[in-house]
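This report concerns only the one structure given below.
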Amino acid sequence: MEKFTTLTSITAPLDRANVDTDAIIPKQFLKSIKRSGFGPNLFDEWRYKDHGEVGMNNSKRPINQDFVLNRPEYQGAQILLARENFGCGSSREHAPWALEDYGFKAIIAPSFADIFYNNCFKNGIFPIVQSNEVMDKLFAVKGEITIDLETQTIAANGQQYSFEVDQERKRRLMNGLDDIGLTLQHAEEIKAFELQYFKTYSWL
């Protein structure tokens with residue numbers, strides 16, 4: 001998992017509340033358990049005018065030009081802005097996989113569904129909670145904003161907005177540690193335990 005310290009990027013303003021995980025990555029794309037390859041089908045039903053299926057050539061599909069991710073001024077955005085209750089619905093981990101594979105590194109919204117919120121941290125995406133008042137100001141920004149995890153601030157249009165984050169999650173993000181990375185920090189202790197265990201119980 002990549003380290004997250006500071007991020008400066010344009011934002012993609014998805015001005016919708018209650019965006020569920022089936023909208024983020026529709027159910028027909030959940031056949032793979034790999035973490036990569038979902039980006040082209042992120043928000044599939046909103047990005048394209050036809051019905052998407054696994055294996056389709058997305059470059060030949062009709063595009064919804066009005067959808068935010070298809071507009072040229074938002075290409076390359078690594079920060080997604082959203083409204084209340086982002087990531088509600090089923091608990092599929094494919095949703096943060098799709099967001100990460102597309103290129104998003106942070107999502108800012110007034111609230112998130114609990115399971116989605118937790119899955120974001122596990123997959124290297126930083127979900128930040130801000131008030132509706134601050135969100136209105138961020139949606140109005142034309143240009144880049146900067147997220148600084150160390151100082152827990154967002155800088156936009158000459159203003160700074162603070163945010164809260166659990167300190168253990170902050171440590172994990174800043175060090176690029178997912179659950180596997182945390183375990184590997186104790187690799188030597190695990191190896192020593194295994195050697196001693198099989199020495200003691202050699203008949204196993």
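Given the structure is predicted, the values throughout are model-derived calculations rather than measurements.
Side-chain contact between Phe104 and Pro96 is absent, with no heavy atoms from C-beta onward closer than 4.5 Å.
Side chain of Asp101 to main chain of Gly37: a donor-acceptor pair is present (N/O by atom type, distance under 3.5 Å, no hydrogens or angles). Counting only distance, with no hydrogens or angles, the side chain of Ser111 and the backbone of Asn85 share a donor-acceptor pair below 3.5 Å.
Tested against Ile154, the residues Leu7, Ile79, Leu138 include a single side-chain contact (heavy atoms from CB on, under 4.5 Å) partner, Leu138. Evaluated for a side-chain contact (heavy atoms from CB on, under 4.5 Å) with Leu14, the options Leu80, Leu81, Leu69, Ile107 yield exactly one hit, Leu80. A side-chain contact (heavy atoms from CB on, under 4.5 Å) with Phe43 holds for exactly one of Asn64, Val19, Val68, Ile25; it is Val19.
The aromatic rings of Phe112 and Phe116 sit parallel, their planes meeting at an angle under 30°, below the 60° perpendicular limit.
Looking at residues two or more places apart in sequence or on another chain, you find a side chain to side chain contact (heavy atoms under 4.5 Å, CB included) between Asn58 and Pro40, Asn41, Tyr48, Arg61. Annotation: side chain to side chain donor-acceptor pair (under 3.5 Å) contacts of Glu2 (sequence neighbours excluded): Lys105.
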Check: Taking it one step at a time, do Asp66 and Trp46 satisfy side chain to side chain contact (heavy atoms under 4.5 Å, CB included)?
Finding: CA-CA 9 Å; Asp66 294 327; Trp46 297 340; over 6 Å; no
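In summary, Asp136 and Arg83 engage in a salt bridge, as defined by a charged side-chain N under 4.0 Å from a carboxylate O.
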Show me, pair by pair, the donor-acceptor contacts under 3.5 angstrom made by side chains of residues 128-135, not counting sequence neighbours?
from, atom 1, to, atom 2, distance (Å)
Gln130, NE2, Ser162, O, 3.0
Ser131, OG, Val134, N, 3.2
Asn132, ND2, Glu84, OE2, 3.4

